[in-house]
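So you know, we letter chains A, B, ... as the sequences are listed, proteins then strands, and number each from 1.
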Protein chains: 2
Amino acid sequence: MTRLEEVALEAGVSKSTVSRVVNGGPYVSARARSAVLAAIDRLGYRPNQAARSLAGNRTDCVGLVVGDRSFDAGLADLLRGVDTVLSGLGLRLVVSTGASVDGVDGVLRVGGGGVPAGVPVVSFGHAVGVPYVAVDDFSGGVAAVRHLVGRGRRRIAAIAGGGDVDRLNGWYRGMGRAGLSADLVVRAEADPASGARAMSVLLSSEPGLDGVFVGSDVLAYGALEVLRTRGLGVPSDVAVVGFGDLPSSSVVGLTAVRPDHESLGRSAAHLMATVLSGSPVPPFTLVPPSLVLRST
Amino acid sequence: MTRLEEVALEAGVSKSTVSRVVNGGPYVSARARSAVLAAIDRLGYRPNQAARSLAGNRTDCVGLVVGDRSFDAGLADLLRGVDTVLSGLGLRLVVSTGASVDGVDGVLRVGGGGVPAGVPVVSFGHAVGVPYVAVDDFSGGVAAVRHLVGRGRRRIAAIAGGGDVDRLNGWYRGMGRAGLSADLVVRAEADPASGARAMSVLLSSEPGLDGVFVGSDVLAYGALEVLRTRGLGVPSDVAVVGFGDLPSSSVVGLTAVRPDHESLGRSAAHLMATVLSGSPVPPFTLVPPSLVLRST
DNA sequence: CTGAAAGCGCTTACAG
DNA sequence: CTGAAAGCGCTTACAG
């Protein structure tokens, strides 16, 4: 464990100077800087994080509080995104699945959960009062329509659950842009059975249907079931695009709009870094999802 | 931010004494202890972690290095398990998705990846040279057979991929215990198509088959497909049990042996705590999986 | 641009 | 069982 003092000795400068170059501070001559850098390299010096925190009155730690299970499926990727940018900034990621974390400079909140007063917060998913990052549902809906239209579909319907308003709005926009009539819309609950019912309704009202955008993957499972039962080819007769891309969707072969969790993580970390630097931050950042082409 | 010194003043004792009670040290009179505890409570004192680390030459942080994607699907639960026991011990969880972490007292390694020299390591999944926690594949295989036998099955086959040896051995044991002949075994690769081929082979060699234990969920998907295609009822004609319990399995309705990731996390954290305390540790801990009953 | 010095909030021998 | 004192390895005004 080499200490800063030994680096100073080796470089022939004072501890203050070493500290300045380590922290990228100003007011260091090129000569001093290179001597220090060389010494650090020679000695394999790594600053003691605890001493640094104590003296500097900051922790260089960012907490991630996993308040609920809303991001469980993508948590690994989310962590990768967060850690990638945080570690690049010299910050460490402390995760807690409890109510909170203390001893951190800021907290990233996944889902609900309280946070310590006094530290900045950035949320994953829509939140009020704090900056947040979320999936750009609207552009996902637009992208889904663009895809279907690109496949030659014209009579495109939408099935949307209660929480899928932005996705549905994206669908409307996409339909409008393509000059198609956006009259085939059915609302649904959040389970496959409800998706199946919606699909049946659509099929009876418009037998000429050739494409469907479904607001969530689970609804899409039900819709697919109905299509197959009725002997309709997917995607030959009716092309289907889901939204969410559950792991199960790859087994089912569902083409879907997929939230990019790693990107969400990166965005949140960047937002946090901006907050910590004292710069003004946008109230939210929307991350465009990608489209995963599979067999439907 | 109340400091230890203020607690000492409030309690009418020295800093040393406060430190002793905070750290649960010996040699403190009951009188002093309660005075200190009361003062801490009154002042809302929380020890400064950085100062503590610096003075005590320990970090009270355990790192979790996510080296590869092998536990991605269960990572959220794994984190919950780890954090639950760690936070109960006053330890913080620092996660890194890079090659390593430094400035921690020990590291939990998920999959491959290097670790800093000099700190104790505990691995998730079989590892050599370091203590590890892993799913008890063998007992999972036994449990699968027990389940099938309990459902009245007698001609029970096994489909196993290359890495499923312990699971397969569990199956042998289970069959032996039930007094059934363990002659229906087909080896497979790691994709649904291979599972389908294996199922076809089994069906032609033993039309009286009434149960199958499949070493992994993906293989089971292929097997189910074949069963359905041939018009065999599942589970009426042939009951199927998978292993792994991918999220997709709940959609498919697959009955399966499921690794308990939260439990794995808890076990790993306990192992680490034991290592850190300097006590001798077992070379590994096997965590029994559970059986998720669904529709196959 | 540089260095001496104080201080961050704890823990830990040591002496009592 | 208790307290005074030194020290952990940095950062940060301050004076130059």
Side-chain angles (χ1 to χ4, degrees), chain A residues 1-40 43-61 90-92 102-105 118 276-278, chain B residues 1-40 43-61 90-92 102-105 118 276-278:
Chain A
M1 212 352 27
T2 339
R3 285 161 304 136
L4 184 149
E5 185 165 18
E6 307 172 36
V7 174
L9 246 51
E10 173 86 9
V13 299
S14 71
K15 288 166 51 183
S16 308
T17 297
V18 176
S19 180
R20 286 189 196 98
V21 354
V22 167
N23 294 292
Y27 309 129
V28 185
S29 63
R31 198 180 181 309
R33 183 182 308 279
S34 61
V36 169
L37 257 20
I40 286 177
L43 271 33
Y45 170 68
R46 316 264 300 121
N48 178 307
Q49 191 49 60
R52 206 166 196 181
S53 300
L54 181 56
N57 192 35
R58 69 205 146 85
T59 66
D60 288 331
C61 284
L91 297 168
R92 313 212 311 176
D102 60 15
V104 295
D105 295 337
L276 293 180
S277 75
Chain B
M1 219 332 46
T2 338
R3 286 161 305 136
L4 185 149
E5 185 165 16
E6 308 172 35
V7 175
L9 245 50
E10 173 86 8
V13 299
S14 71
K15 288 164 53 183
S16 308
T17 298
V18 175
S19 180
R20 285 188 195 100
V21 355
V22 167
N23 294 292
Y27 308 131
V28 184
S29 64
R31 198 179 181 311
R33 182 183 308 281
S34 60
V36 169
L37 257 20
I40 286 178
L43 271 34
Y45 170 68
R46 318 262 302 123
N48 177 307
Q49 191 51 59
R52 206 167 197 180
S53 300
L54 181 57
N57 192 36
R58 71 207 145 83
T59 66
D60 288 332
C61 284
L91 264 18
R92 312 213 309 177
D102 60 14
V104 295
D105 296 338
L276 293 179
S277 76

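Atom CG in A:Asn48 sits 9.5 Å away from atom CG in A:Leu54 (nearest 0.5 Å).
A:Arg3 meets the salt bridge (charged side-chain N to carboxylate O under 4.0 Å, His left out) test with A:Glu5, A:Glu6; sequence neighbours excluded. Not counting sequence neighbours, A:Ser16 has no partner by the side chain to side chain donor-acceptor pair (under 3.5 Å) test. Take B:Asp60 and apply the side chain to side chain donor-acceptor pair (under 3.5 Å) test, not counting sequence neighbours, and it matches B:Gln49, B:Arg58. Considering only residues two or more places apart in sequence or on other chains, B:Ala55 meets the side chain to side chain contact (heavy atoms under 4.5 Å, CB included) condition with none of them. Looking at residues two or more places apart in sequence or on another chain, you find a side chain to side chain donor-acceptor pair (under 3.5 Å) between A:Ser14 and A:Thr17.
Nearest-nucleotide mapping onto DNA chain D: of B:Gly56 and B:Pro26, the residue sitting toward the 5' end is B:Pro26. Remark on DNA chain C: of its neighbouring residues B:Ser19 and A:Leu54, the 5'-side contact belongs to A:Leu54, judged by nearest-heavy-atom nucleotide. Closest-nucleotide positions on DNA chain D for B:Ala55 and B:Ala30 were compared, and the one nearer the 5' end corresponds to B:Ala30.
Residue pairs meeting the salt bridge (Lys or Arg N to Asp or Glu O under 4.0 Å) criterion with at least one member in residues 7-16 of chain B, sequence neighbours excluded, are B:Glu10-B:Arg42. The stretch residues 18-33 of chain A participates, sequence neighbours left out, in no salt bridge (Lys or Arg N to Asp or Glu O under 4.0 Å) pair at all.
Shown here is A:Asn57, whose CG atom has no more than 12 heavy atoms of other residues, nucleotides or ligands within 6.0 Å.
Counting any heavy atom pair closer than 4.0 Å across all strands shown, A:Val22 reaches no nucleic acid atom. Nucleic acid contact class of B:Ser16 (heavy atoms, under 4.0 Å, all strands): base. Within 4.0 Å (heavy atoms only), A:Pro47 reaches sugar-phosphate atoms of the nucleic acid but no base atom. No contact: B:Asn57 has no heavy atom under 4.0 Å from any strand. Across all strands shown, B:Ala50 has no heavy atoms under 4.0 Å from either base or sugar-phosphate atoms.
Mapping heavy-atom proximity under 4.0 Å, the span of DNA chain D touched by chain B runs 5' to 3' from D:dC1 to D:dG9.
Nucleotides D:dT12 and D:dG16 have their C1' atoms positioned 16 Å apart, rounded to a whole Å.
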Applying the Watson-Crick and G-U criteria (both distances under 3.5 angstrom) with [ ] for crossing and | for other-strand pairs, one obtains for DNA chain C |||.||||||||.|||

